[in-house]
Amino acid sequence: MPIFALLDCNNFYVSCERVFNPALEGQPVVVLSNNDGCIIARSNEAKALGITMGEPYFKCKPLLDRHRVRVFSSNYALYGDMSQRVMEVLGRLEPEVEVYSIDEAFIRLPAAKEEGLRILGMDIRTSVRRQTGIPVSIGFGPTKTLAKLANRLAKKHPEHGGVFALLPESGIGSILKGVGAGEVWGIGSRSTRKLADHGIRTAYDLSRANETWIKKHLSITGVRTMHELQGVSCFPLEETPQPKHSIACSRSFGAPVTKLGEMHEAAVSYLTRAAEKLRQQQLKAGCLTLYLATNRFRTDQPQYANSRTMTLPCPTADTALLIEQASRCLKELFRPGYAYQKVGVVLTDLMSGHMHQPNLFSIPRRNRDPLLQALDRINQRWGKDTLQYASAGLSKPWHHKQAMKSPSYTTSWRELPVVLAS
DNA sequence: TCTGGGGTCCTAGGACCC
DNA sequence: TCTGGGGTCCTAGGACCC
């Protein structure tokens, strides 16, 4: 029986900041979401102060100030690049790896004894730490769900040295009795409540639950999770990433937007980003959705949210053509008199960029692929938005907040760290 | 004053077809 | 009063993940 491992970077975003700013070691550190909105990463010291995940920044700012917590805006250029380094190290060590998220990877291994796995886990940990500076934890189990759980336990109990194996020979059942059902991968807050109402409180209870009841209330995915807890693998390793079904880009505004002109600039900017992603993955979109919304937390203000989806005359990855359609959507959706907080675009009906299905009634256009390729190459070489569409605006008063961002140490020549010898 | 963003899967119900 | 049955496709909404 093969074994799964889950490697998870500890407090990933905080660890990335620490690699290039070692003075942050041992200090409480947090990283904020886009627009400096919520807490999305905390160092152990920050967790110990009682700062919770997802808490709005403005609400916990007094506490952060009081304890001199170091606060950072999110720096995705840095985190993305560090993630790639971690995955590269892992890829050199292990042949069967699935990159699951920015800070997690599953590994498939041949059957092994607990002691062998511990040694392997320690080796991987040491290599990743030495080659990237990022600390990681590793959990082993006969299924992905159990490996996830083992990883959680590795983090929760530091005495295991960041590596933990959950194997039949060490008695999975007794350990599952000490784990809440809501801590299981795939069981969110709604399902946790539903399960508790039915007397299912621990991971062990869930592994022994009535399958028909689970199917009815948690659907087929709940049944799979239940089987995985029993040690029956239902989620295979997926080494090759599946092509995307949708590509989206949206941001909250740094300050409320009331004018159609500013809204249009923002929409064009996000659409530009989405189209870049589309071309990067060699895809075309057949469908475009644009949505906008006021701030739903401001119940004292008039609320409005709406979206419009349109099928494109012809599938495309051409930013200019997408802008044309999105502008029409926006004109239909926009209502004056509201303080808008957000606009976003979603591209769907994605297909391979090599496929070509011309519209019978449209006049064939000149092939603009070389133009788009040149545009992407220039922006890649000289930095984001070196060339941009004029309709994205120049001063961008709506731009999201990012007041405490660290330098892009590894992805921008201008922001390279400087080392001084004394 | 200030509350993120991107993505997936599943199901139920309606529309439609023969 | 009494109004078929089986199938597919699409969409919206719910739930989950990081």
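Per chain, numbering begins at 1; letters A, B, ... match sequence-line order.
- Using a 4.0 Å heavy-atom cutoff across all strands shown, A/His400 reaches no nucleic acid atom at all.
- Rounded to an integer number of Å, the gap from A/Leu7 CG to C/dC18 P is 14 Å.
- We find that CD1 of A/Ile39 is positioned 14 Å from P of B/dT3, with the value rounded to whole Å.
- Sorted by first then second residue, the salt bridge (Lys or Arg N to Asp or Glu O under 4.0 Å) pairs that include residues 133-147 of chain A, not counting sequence neighbours, are A/Glu98-A/Lys144.
- Rounded to an integer number of Å, the gap from CD1 of A/Ile187 to C1' of C/dA15 is 10 Å.
- As judged by a 4.0 angstrom heavy-atom cut-off over every strand, A/Lys244 is placed among residues touching the sugar-phosphate backbone only.
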Tell me which donor-acceptor pairs under 3.5 Å the side chains of residues 244-265 of chain A have, and how far apart each pair is, sequence neighbours excluded?
unit_1: A/Ser250; atom_1: OG; unit_2: A/Tyr291; atom_2: OH; d: 3.3
unit_1: A/His264; atom_1: NE2; unit_2: A/Ser327; atom_2: OG; d: 2.8
unit_1: A/Glu265; atom_1: OE1; unit_2: A/Trp398; atom_2: NE1; d: 2.9

| said: Pairs counted only when both distances fall under 3.5 Å, Watson-Crick or G-U: show me the 5' to 3' dot-bracket for DNA chain C, [ ] for pseudoknotted crossings and | for other-strand partners. | reply: ....||||||||||||||
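- Backbone-only contact: A/Asp103 has heavy atoms under 4.0 Å from sugar-phosphate atoms and none from a base.
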Look for any protein N or O under 3.5 Å of an N or O in nucleotides 7-14 of chain C and output each such pair with its distance, or none.
none

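- A/Arg85 has a carboxylate O that lies under 4.0 Å from a charged side-chain N of A/Asp81, or vice versa, which qualifies the two as a salt bridge.
- Using a 4.0 Å cut-off between charged side-chain N and carboxylate O, A/Arg108 and A/Glu94 make no salt bridge.
- Judged as a side chain to side chain contact (heavy atoms under 4.5 Å, CB included), and not counting sequence neighbours, the contacts of A/Lys384 are A/Arg273.
- Using a 4.0 Å cut-off, no side-chain N or O of A/Lys59 falls inside it from OP1 or OP2 of B/dT1.
- For A/Phe334 and A/Tyr340, the gap between ring centers is short of 6.0 Å.
- The stretch residues 251-274 of chain A touches DNA chain B through A/Arg251, A/Ser252, each having a heavy atom within less than 4.0 Å of the strand.
- Regarding A/Glu98, its CD atom lies at a distance of 16 Å from the P atom of C/dC17, rounded to whole Å.
- In A/Arg92, the CZ atom is crowded: over 12 heavy atoms of neighbouring residues, nucleotides or ligands sit closer than 6.0 Å.
- Less than 4.0 Å separates DNA chain B from at least one heavy atom of each of the following residues of residues 212-226 of chain A: A/Lys215, A/Ser219, A/Ile220, A/Thr221, A/Arg224.
- The SG atom of A/Cys9 lies 9.0 Å from the CE atom of A/Met82; values are rounded to the nearest 0.5 Å.
- At the heavy-atom level, A/Gln341 lies under 4.0 Å from the strands shown only through sugar-phosphate atoms.
- Residues of residues 78-89 of chain A having a heavy atom closer than 4.0 Å to DNA chain B: none are found.
- The residues A/Arg279 and A/Asp318 are annotated as not salt-bridged, no charged nitrogen and carboxylate oxygen being separated by less than 4.0 angstrom.
- One interatomic measurement links the two molecules: CG of A/Leu32 to C1' of B/dT3, which rounds to 12 Å at whole-angstrom precision.
- Residues passing the ring pair (Phe, Tyr, Trp, His ring centres under 6.0 Å) test with A/Tyr409 are A/Phe20, sequence neighbours excluded.
- When each of A/Asp36 and A/Ser250 is assigned the nucleotide of DNA chain B bearing its nearest heavy atom, the one mapping closer to the 5' terminus is A/Asp36.
- The nearest pair of heavy atoms linking A/Ser191 to A/Leu218 is OG-CG, 4.1 Å.
- Among the atoms of the strands shown, only primed sugar atoms or phosphate atoms (P, OP1, OP2) are found under 4.0 Å from some heavy atom of A/Ile247.
- Using atom P as the reference point in both B/dT3 and C/dC17, the two lie 25 Å apart (nearest Å).
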| A/Thr319 and A/Val268: CA distance, side-chain angles, deciding distance, side chain to side chain contact (heavy atoms under 4.5 Å, CB included) verdict | CA-CA 9 Å; A/Thr319 310; A/Val268 167; over 6 Å; no
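- Scanning for ring pair (Phe, Tyr, Trp, His ring centres under 6.0 Å) contacts around A/Tyr76 gives A/Tyr13, A/Tyr79, with sequence neighbours left out.
- Salt bridge A/Asp36/A/Lys401: absent, no basic N to carboxylate O contact under 4.0 Å.
- Contact annotation: A/Asn35 does not reach the phosphate of B/dC2 (side-chain N/O to OP1 or OP2, under 4.0 Å).
- Atom CZ of A/Phe297 and atom P of B/dG4 are 5 Å apart (whole Å).
- Among the protein residues, A/Gln242 comes within range of no part of the nucleic acid, since none of its heavy atoms lies under 4.0 Å from any strand.
- Only the C1' atoms considered, B/dC16 is 16 Å distant from C/dG4, to the nearest whole Å.
- For A/Lys405, the side chain to side chain contact (heavy atoms under 4.5 Å, CB included) partners two or more places apart in sequence, or in a different chain, are A/Ser73, A/Asn75, A/Gln402, A/Ser408, A/Glu415.
- Heavy atoms of A/Val184 sit under 4.0 angstrom from primed sugar atoms or phosphate atoms, though from no base atom.
- In this structure, A/Glu104 places its CD atom 9 Å from C1' of C/dC17, rounding to the nearest Å.
- The aromatic ring centres of A/Trp185 and A/Phe4 sit 6.0 Å or more apart.
- Comparing B/dT3, C/dC16, C/dC18 by their nearest atom to the side chain of A/Ser191 picks out C/dC16.
- The nearest whole Å value for the distance from the CD atom in A/Gln402 to the C1' atom in B/dG5 is 13 Å.
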Could you list the donor-acceptor pairs under 3.5 angstrom formed by side chains in residues 57-66 of chain A, with sequence neighbours left out?
unit_1: A/Lys61; atom_1: NZ; unit_2: A/Asp65; atom_2: OD2; d: 3.1

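- The side chain of A/Arg298 contributes no N or O atom lying less than 4.0 Å from OP1 or OP2 of B/dT1.
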| message | Please determine whether side chain to side chain contact (heavy atoms under 4.5 Å, CB included) holds for the pair A/Leu229 and A/Thr143, giving the CA-CA distance in whole Å, both sets of side-chain angles, and the decisive distance to 0.1 Å. | response | CA-CA 8 Å; A/Leu229 287 174; A/Thr143 66; over 6 Å; no
